[in-house]
K.L.:
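This is the structure I want to talk about, given as structure tokens.
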Amino acid sequence: MNPNPVPLLNPVFVALDTTHPDYARQLAERVRGSVGGLKLGLEFFNAHGPDGIRPFTEMGLPVFLDLKYHDIPNTVASACRAAASLGVSILNVHAQGGAAMMRAAVDAVKSVSPSTRLIAVTMLTSLSDEDLPSVGLMPPVGDQVLRLASLTQQCGLDGVVCSAHEIVTLRKELGDDFMLVVPGIRPDGSAVGDQRRVMGPAEARDAGASILVIGRPITGAADPAQAARDIAQSLGITAA
Ligand code: C5P
């Protein structure tokens, strides 16, 4: 199955963070004209498996399957082959799995679905400088992010997930063709919630983000369709 192409026009991927398939489908239908893609993660996948993903890849929007694989190269490659065959447009692994693992993942994805983009998580944004020594890493987090993002690029992956405040440095160091996928996006007036370092959609796009992952500001709004339209409009995009 050929995945839907990753969009250039509308960079917003709505995070459908729920275990309820009907609710996720309704949300996706309501916002589909105003977003560029859908993101489904561990929460949804562990409840519904591959069969739960297919209805979303059939909706005509690109799907980012955010499962963050981290295991030995052979296992990650097998998981990537299986996931890529679902017709998803973006998959991800942990860069801390190392170069051999990332190269095996690239080969696996390309063998099944050459147009599926493979990206890596560098450091989880839930980790701060104080957490690093206890897992054997030297702070600051920013240095680890840049080192792992460079390794990701050398291994032939398409990009990384990063926080908004890392966009400028990574764009400068890694060039224009590397995808920067950015969560923690908050339009003016929306609740920050548990995100720490947030940025507005237009600000993040202008700083160099390729994809903006936005969950609760859309899914938690009284009118998700209107919230998605407002975000699209703030980016200068006319909703379908
Ligand atoms: O609701 P909110 O806009 O905060 O959702 C952000 C989405 O991005 C969630 O699905 C979250 O799991 C994901 N994410 C994140 N931070 C990361 C990686 C992924 O918030 N570093």
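Treat the numbers as computed from the prediction; the structure is a model and nothing was measured. First listed ligand is number 1; within each ligand, the first listed atom is number 1.
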K.L.:
Should Val121 and Ile72 be counted in the same cluster of Ile, Leu, Val, Met, Phe, Trp and Tyr side chains packed under 4.5 Å apart?
P.N.:
no
K.L.:
Take Phe64 and Asn92 through the side-chain contact (heavy atoms from CB on, under 4.5 Å) test and state the conclusion after the steps.
P.N.:
CA-CA 9 Å; Phe64 170 13; Asn92 59 0; 3.6 Å; yes
K.L.:
Tell me whether Arg117 is salt-bridged to Asp177, with the criterion being a basic N under 4.0 Å from an acidic carboxylate O.
P.N.:
no
K.L.:
Treating Thr219 as the side-chain partner and Gly215 as the backbone partner, does any N or O pair qualify as donor plus acceptor under 3.5 Å?
P.N.:
yes
K.L.:
Residue by residue, ordered by chain and number, which ones reach under 4.0 Å of ligand 1 with a heavy atom?
P.N.:
Ala15, Asp17, Lys39, Thr125, Pro183, Arg186, Gln195, Val213, Ile214, Gly215, Arg216, Pro217
K.L.:
Which residue is it: Val12, Leu180, Ile90? I am looking for the one with a side-chain contact (heavy atoms from CB on, under 4.5 Å) to Ile211.
P.N.:
Ile90
K.L.:
Return the minimal non-hydrogen interatomic distance between Lys39 and Val213, and the atom names on each side.
P.N.:
CE-CG1, 3.6 Å
